[in-house]
Each structure stands twice: as C-alpha cells, then as structure tokens.
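Atoms within each ligand, like the ligands themselves, are counted from 1 in listed order. Only this structure's heavy atoms are used, side chains among them; waters, hydrogens and symmetry mates stay out. All values derive from a computational prediction rather than experimental measurement.
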Amino acid sequence: MNRDGARKSIWQEEIKSFSSDPDFETVYDVAIVGGGIAGVSTALKLQQEGKKCIILEASNIGFGTTGGTTAHLNDFFDTTFSQAVSDFGLDNAKIFAKAGQDAIQLIKNNIQQFNIDCDFEHKSAYLFALDEKQDKQLKDIVEGASKVNHTLHFTREIPFHVPFVNAVLIPNQAQFHPVKYIKALCEVFFNLGGEILEDCLYENHEEQEDFIIATTSKGKIRSRNLVYATHIPPGKNVLSFVNAPYRSYAIAFSLKNKNYPAELGYDLVDPYHYYRTQTIGGETFLIAGGEDHKTGHAEDTGECFSKLENYVRKYFEVDLVYFSWSSQYYEPIDGFPYIGKSPGSNGSVFVATGFRGNGMIFGTLSSQIITDLILGRENKYADLFNPSRIKPVAGMADFIKETAATAFDFIKDKLLKEKIESLGGITEGEAKVVKYEGNSYALYKESNGKVHLLKSSCTHAHCDVRWNSAELSWDCPCHGSRFNVNGKILTAPAVKGLQRVDSDENS
Ligand SMILES: Cc1cc2nc3c(=O)[nH]c(=O)nc-3n(C[C@H](O)[C@H](O)[C@H](O)COP(=O)(O)OP(=O)(O)OC[C@H]3O[C@@H](n4cnc5c(N)ncnc54)[C@H](O)[C@@H]3O)c2cc1C
C-alpha cells in the first residue's frame, strides 16, 4: 500500500521510495515529520538555506492527502474573502489574499530552478451558481474579493455543459501533478545532502535545553528543531481539537466526445463540486471531486462515489471511470490555517495544519513561513497564521461540540440501533463495531473469511472508530485518525495503532 486508502488515486503510479541510512548520533538542525507537500517543501527550503535536515515519514513520500488531492492551485479559497474581512478585518484579509499568488510563485520558482516536469499549467477558474441561492453566495464572494483588490469578472460563458444562472471568471490559476512535483523536490533535497527515513513513525518527543529527542519506530532522532508536517499534528496537541477532519471524493473519467474542459470549474453546491482535466501516459481524464462529509459521519462511504458519478454523468458524456479515491482534509475553527510555532512548545517545534481544501497553496506557503521563523527572519504571514492565536468566532461552541460530543452521540446511537448480540453476526466483506460482554470491538471479515478483531477505541482520544467501506479503513469521527483492518495507523493524529485482539484465519 502506498497511499492511505485501499483505492488507487490518479497520481499514485509516480510514488517512489526514498531511503537514507541515518547516523543516530547526528544532531540534525531540523527533523521534519511527514512527507507530503508541506513537509517536503519545507525540508528542501531549509536544506537550501544550509540546514541539515531529515524527513521522518511513517509510510512513504506522498502517502497522505498529497497522494489523494486534486491539485488545483488557486488564489481564492474555501474561506472566502468576505469571511476573512468580517472575522479578521480588512488589513488581515488583504494579506490573506496574497497567499495564493505567493505560493504559486514559490512552486514556479522550484519548477524553474530545478527543471521539474510536473505538468504545471496556468489555467482560468470558473465559479458558477446553479440556482438563486448560490447566486447570492457568488455575489457575496465577488463583493468580498473586491474589498481585498482581487477582481473577479462576471461572465455569461463557462467551458462546462452545466446549466448555470451566474458565473465568474478568475484568471491566473494553475494546476499540476502533485506527486511528480514532490518526488522531484525529494530528489533535489536528497542531492543536497538531506535525509529521508520512510516507514518511520514519530511517536513523541522531549524538548531539552540544546536539542529535541524524537522517539520514532526506528530509534531516537536528535534535532535542534522539529516540524510537524503531518497534516494534523500527531498526539494530543490542542490543534487536533480546533480542526475538524473531512473526507472528499474524486473520480477520473474518460469522456466519449473527448470534450475535456480546458479550464478549472467549481459550482457552489454545499458541498461543492470541482473539475479539472489531466493527461497521464497519453490518456486524458476529467477529474471531478466533491461529496465531502465529516470523517466517520457517512453511513455508506461507497455511496459518496455513486452520488459524485451520477452528478457528473448528468453534465458530461462519461465513457469510463478509471480512478476513484477519497482523502482527508482539515477544517480550522476560524477558517485560517495554523502555520508556525506549535502551541506549548518552547519555540523549537513548528506545525502546519488547517489547510481546508487549499493545502497545495498553504502547504507550500508553510515552507517559507517555517523557514523564516527558524532562521529568525520576518514573514508577513507569521502573525496571521500563528497557531497560538485565540480567536473566539461565532459558532465556536458548536464547532467544539461537533468535533467531540456530537460525534460520540452519533456512534452511541448507531451502536444501540445495531443491537448486535454476538461476534458471529457478520458476513464476509462486512465490518461492524460490535458490543461483546461490555466491550466494544471493530470487526472486519475478509471475503476469504479471515476475521480481523480490534479494540474499537481510537488510541488518540478514545472515541469509537467507524467503518469506511470505500477505503477499507476504520475512521475516527472525533479527530480523524484512521487505521487499516490490521489496526495500523493510516492518518494522524494517533501515534499508536488500534489494539489487535484476535485474528481467526479459519472462521
Ligand atoms: C480529495 C481532496 C482534494 C483536494 N484538492 C485540493 C486542491 O485541488 N488544491 C489544494 O490546494 N488542496 C487540495 N486539497 C487539500 C490538500 O491536498 C492537502 O491539504 C495537502 O495535500 C496536505 O498536505 P500535507 O503535506 O500537509 O499532508 P499529507 O500529504 O497528508 O502528508 C502528511 C504525511 O505525514 C505522515 N505522517 C502522519 N503522522 C505521522 C507520524 N506520526 N510519523 C511520521 N509521519 C507521519 C503521513 O504518512 C503523510 O505522508 C484536497 C484535499 C482532498 C482530500
């Protein structure tokens, strides 16, 4: 497995293995935990600045959401500029509005400097409303954008056969192949003397006076600074409690009429759908995404693919489905990412999280912000995205309730409804959380009859996990930790697998 799900993403073929043989006596300048776009971009930037860096990756480079993204590069975000103005003020919203083009420029600089072939192309984006309600929302987006000097142009034409009531054109967007890009960054990092340790799970660390000692599954790594680029910080970090995990679905289709849209598209349905075109190995595909939901809160995750496919079939002449996959992102409580010094650290531990659906941008921007902070330089985004900011916003209480108590009630109800009397009530290919003699177990029976039995209590904050039939994983509805059928960690914040109870080869 080289992605955190059972389904293959369109990018996955490009994933390659890297391996270093580190000297455990070395004190690195920076240990970066996580080999997605945030970790790899940050490691390379610091190594270029003369820092001795090591990437610690629990599985392989691109294993997380970077291997399951759709890789649109935008300078308008899931958090609209209207929201940014009303929650953070006009001056801060104007800084926020620069993030997209700054990050795209950082990507372009890397591509140019290191001669990277990653299918980067400039595109225009079309944002369209399908009904009057969405039109109101679109007008609010346009008004907010104009306040931060980001002009969106109304248009009567869009390059998608979708009936719309209103639309805007946003020039100067882009797209690329995310795994080709980070693979190339890793190669440069490696050639500059950086080290990459795969299959290396970070477990915890001690911040001492001179350096940090990180305990990992491969041994202890010493470094002067530590960066959590794990998408959500591992373990019990306050940031796990102010970021809610969501799943999003993507499908790559071939089209009968070969009428692939040349530009990027987004409707304003809640949750919205997004489109782009990508050519892989000479074949062209329409990639559509959407049907997002809070992790662990969909009754049948397989159905999300059917809904997305049916939606796309309404508007495009679909021939075949080639790839379908899902992945995870994190919604920050106040809409802005958290990038900088980790709350509770004495100043040597850094974090990058809360990217919403814009992590290609904010993961890239993290590389510059964290490099500047480590080198003691000014950065215009450092205060705005400071992870220690405390910003009570409307709905904060609901948000915290949603990420904890409601999730618990949701599971409890489901368990009561199931009324499972014994472990025998499960058929092949099925999975359930079952109560048995007062304990709660996650039970999965393979199609060949092999049973996997795990304690269902998530090792992070002890919520019960839920089955994700689309990706064959146990997903925690509270903070988004995910585990495979053997209990192995797929997604942070957990740093310990689900406790394995029993396995029955013959039942
Ligand atoms: C379906 C989907 C579509 C998206 N589309 C877009 C888009 O079009 N444009 C955009 O800008 N953004 C998009 N996003 C968001 C974006 O893809 C993510 O925000 C981004 O990939 C996150 O990158 P990352 O490096 O922070 O995390 P990841 O890519 O998840 O990498 C984190 C890495 O950390 C490792 N790790 C975790 N815990 C540990 C540990 N304890 N020890 C060692 N390693 C560990 C993991 O194995 C993983 O490889 C999308 C998200 C989804 C779900």
Trainee: Please check whether Pro234 reaches ligand 1 - meaning an N/O of the residue sits under 3.5 Å from an N/O of the ligand, judged on distance alone.
Mentor: no
Trainee: Out of Gly64, Ala229, Pro245, who gets a non-hydrogen atom closest to atom 32 (C) of ligand 1?
Mentor: Ala229
Trainee: Between Thr301 (side chain) and Ala470 (backbone), is there a donor-acceptor pair under 3.5 Å?
Mentor: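 Yes; at least one donor-acceptor contact below 3.5 Å.
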Trainee: When the ring planes of His122 and Phe120 are compared, do they come out parallel, tilted or perpendicular, using 30° and 60° as the limits?
Mentor: perpendicular
Trainee: Any chance the side chains of Asp475 and Asn468 put a donor and an acceptor closer than 3.5 Å?
Mentor: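 Looking only at side-chain atoms, Asn468 and Asp475 do form a donor-acceptor pair, the distance falling under 3.5 Å.
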Trainee: List ligand 1 atoms under 4.0 Å from Tyr274, heavy atoms only on the residue side.
Mentor: 1 (C), 2 (C), 3 (C)
Trainee: Say whether Thr66, considering both its backbone and side-chain N or O atoms, lies within less than 3.5 Å of an N or O atom on ligand 1.
Mentor: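 There is such a contact, yes.
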Trainee: Number the atoms of ligand 1 from 1 as they appear, then name those within less than 4.0 Å of a heavy atom of Gly68, with their elements.
Mentor: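 Once the distances to Gly68 are compared, the set is 1 (C), 2 (C).
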Trainee: Can you confirm whether more than 12 heavy atoms, excluding those of Lys496, are under 6.0 Å from its NZ atom?
Mentor: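 No - once you tally the heavy atoms of other residues, nucleotides and ligands closer than 6.0 Å, there are 12 at most.
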Trainee: Heavy-atom pairs closer than 4.0 Å: do any link ligand 1 to the side chain of Gln328, the backbone, both, or neither?
Mentor: backbone
Trainee: Below 4.0 angstrom from a heavy atom of Phe63, which ligand 1 atoms are there? Numbered from 1 as shown, please.
Mentor: 47 (O), 49 (O)
Trainee: Any idea which protein heavy atom is nearest atom 19 (O) of ligand 1, and the distance to it?
Mentor: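 Scanning the protein heavy atoms, the shortest distance from atom 19 (O) of ligand 1 goes to Gly359 CA, 3.0 Å.
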Trainee: Under 3.5 Å, N or O to N or O, is Ser59 touching ligand 1 that way?
Mentor: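 No, no N or O pair falls under 3.5 Å.
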Trainee: Measure SG to SG for Cys458 and Cys476 and state whether it is below 2.5 Å.
Mentor: no
Trainee: In the protein, which heavy atom is nearest to atom 14 (N) of ligand 1, and how far is it?
Mentor: Thr69 OG1, 3.4 Å
Trainee: Angle between ring planes, Tyr275 versus Phe128, binned at 30° and 60°: parallel, tilted or perpendicular?
Mentor: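 Tyr275 and Phe128: parallel rings.
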Trainee: Looking only at distance, does Gly39 have an N or O less than 3.5 Å from an N or O of ligand 1?
Mentor: no
Trainee: Find out whether the Lys NZ or Arg CZ of Arg7 is both under 6.0 angstrom from the six-membered ring centre of Tyr249 and within 45° of the ring's axis.
Mentor: no
Trainee: Within a distance under 4.0 Å of any heavy atom of His72, pick out the atoms of ligand 1 and give their elements.
Mentor: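 That gives atoms 7 (C), 8 (O), 9 (N), 10 (C), 11 (O) of ligand 1.
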Trainee: With nothing but distance in play, are any N or O atoms of Tyr249 less than 3.5 Å from an N or O of ligand 1?
Mentor: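 So ligand 1 has no N or O lying under 3.5 Å from an N or O of Tyr249.
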Trainee: Using a strict 4.0 Å cut-off to heavy atoms of Ala38, name the atoms of ligand 1 that fall inside it.
Mentor: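 Those of ligand 1 that fall under 4.0 Å from Ala38 are 25 (O), 26 (O).
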Trainee: Starting from atom 36 (N) of ligand 1, which protein heavy atom do you reach first, and at what distance in Å?
Mentor: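 Nearest protein contact, heavy atoms only, for atom 36 (N) of ligand 1 is Thr230 CG2, 3.7 Å.
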Trainee: Among all protein heavy atoms in this structure, tell me which lies nearest to atom 28 (P) of ligand 1, with the distance rounded to 0.1 Å.
Mentor: Thr65 N, 3.6 Å
Trainee: Please state which protein non-hydrogen atom is closest to atom 34 (O) of ligand 1 and give its distance, to 0.1 Å?
Mentor: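 Result: Gly34 CA, 3.3 Å.
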Trainee: Check the side chains of Asp119 and Gln278 for a donor-acceptor pair under 3.5 angstrom, ignoring hydrogens and angles.
Mentor: yes
Trainee: Is there a polar contact between ligand 1 and Ser248, counting only N or O atoms under 3.5 Å apart?
Mentor: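 No: no nitrogen or oxygen of Ser248 is under 3.5 Å from one in ligand 1.
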Trainee: Please list the nearest protein heavy atom to atom 44 (N) of ligand 1 with its residue and the distance rounded to 0.1 Å.
Mentor: Ala58 N, 3.0 Å
Trainee: Does Ala352 approach ligand 1 within less than 4.0 angstrom via side chain, backbone, both or neither, non-hydrogen atoms only?
Mentor: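 Under 4.0 Å from ligand 1, Ala352 contributes no heavy atoms.
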Trainee: Hey, is Gly289 one of the residues with a heavy atom under 4.0 angstrom from ligand 1?
Mentor: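 So Gly289 does not count as touching ligand 1.
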Trainee: Should you measure from each heavy atom of Leu56, which atoms of ligand 1 turn up under 4.0 Å away?
Mentor: 43 (C), 44 (N)
Trainee: Run Lys52 and Glu195 through salt bridge (Lys or Arg N to Asp or Glu O under 4.0 Å) and show every step you take.
Mentor: CA-CA 9 Å; Lys52 172 90 185 138; Glu195 298 191 38; 3.2 Å; yes
Trainee: What verdict does the salt bridge (Lys or Arg N to Asp or Glu O under 4.0 Å) test give for Lys183 and Glu187, after you've listed the backbone C-alpha separation in whole Å, the side-chain angles of each residue and the deciding distance to 0.1 Å?
Mentor: CA-CA 6 Å; Lys183 185 172 75 171; Glu187 278 159 2; 5.5 Å; no
Trainee: What is the closest protein heavy atom to atom 13 (C) of ligand 1, and at what distance does it sit?
Mentor: Gly357 O, 3.1 Å
Trainee: Determine, step by step, whether Lys123 and Glu121 satisfy the salt bridge (Lys or Arg N to Asp or Glu O under 4.0 Å) criterion, reporting the C-alpha distance in whole Å, the side-chain angles of both residues, the deciding distance to 0.1 Å, and the verdict.
Mentor: CA-CA 6 Å; Lys123 296 279 171 190; Glu121 281 180 83; 3.5 Å; yes
Trainee: May I ask whether Ala250 has any heavy atom positioned less than 4.0 angstrom from an atom of ligand 1?
Mentor: no
Trainee: Mind telling me whether Phe77 and Phe81 have parallel, tilted or perpendicular rings, with 30° and 60° as the class edges?
Mentor: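 It falls in the perpendicular class, over 60°.
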Trainee: Short question: side chain of Arg224, backbone of Ala31 - any donor-acceptor pair under 3.5 Å?
Mentor: no
Trainee: In the structure I gave you, are the side-chain heavy atoms of His231 and Gln328 within less than 4.5 Å of one another anywhere?
Mentor: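 In short, these two side chains do not touch, never coming nearer than 4.5 Å.
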Trainee: Can a cation-pi geometry be assigned to Arg222 and Phe24, taking NZ or CZ under 6.0 Å from the six-membered ring centre and within 45° of the ring axis?
Mentor: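 Because its charged atom misses either the 6.0 Å distance or the 45° angle limit, Arg222 does not stack over Phe24.
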Trainee: Are any of the N/O atoms on Val495, whether in the backbone or the side chain, positioned under 3.5 angstrom from an N/O atom of ligand 1?
Mentor: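 No: no nitrogen or oxygen of Val495 is under 3.5 Å from one in ligand 1.
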Trainee: For ligand 1, which atoms sit closer than 4.0 Å to a heavy atom of Ile361?
Mentor: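 Contacts of ligand 1 toward Ile361, numbered from 1: 11 (O).
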Trainee: Parallel, tilted or perpendicular: which one describes the rings of Phe190 and Phe18, with boundaries at 30° and 60°?
Mentor: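 Aromatic pair Phe190/Phe18 classed perpendicular.
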Trainee: Side chain, backbone, both or neither: which part of Ile37 comes within less than 4.0 Å of ligand 1 when only heavy atoms are counted?
Mentor: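 For Ile37, backbone and side-chain atoms both sit under 4.0 Å from ligand 1.
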Trainee: List the closest protein heavy-atom neighbour of atom 33 (C) of ligand 1: residue, atom name, distance to the nearest 0.1 Å.
Mentor: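 The protein heavy atom lying closest is Glu57 OE1, 3.5 Å.
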Trainee: What do you reckon, does Cys200 put a non-hydrogen atom under 4.0 Å from ligand 1?
Mentor: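 Judged by the 4.0 Å heavy-atom criterion, Cys200 does count as contacting ligand 1.
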Trainee: Which ligand 1 atoms are under 4.0 Å away from a heavy-atom of Phe355?
Mentor: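 Answer, ordered by atom number: 19 (O), 26 (O).
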Trainee: Do Tyr311 and Asp267 meet the criterion of a side-chain donor-acceptor pair at a distance under 3.5 Å?
Mentor: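 Result is yes, a qualifying pair exists.
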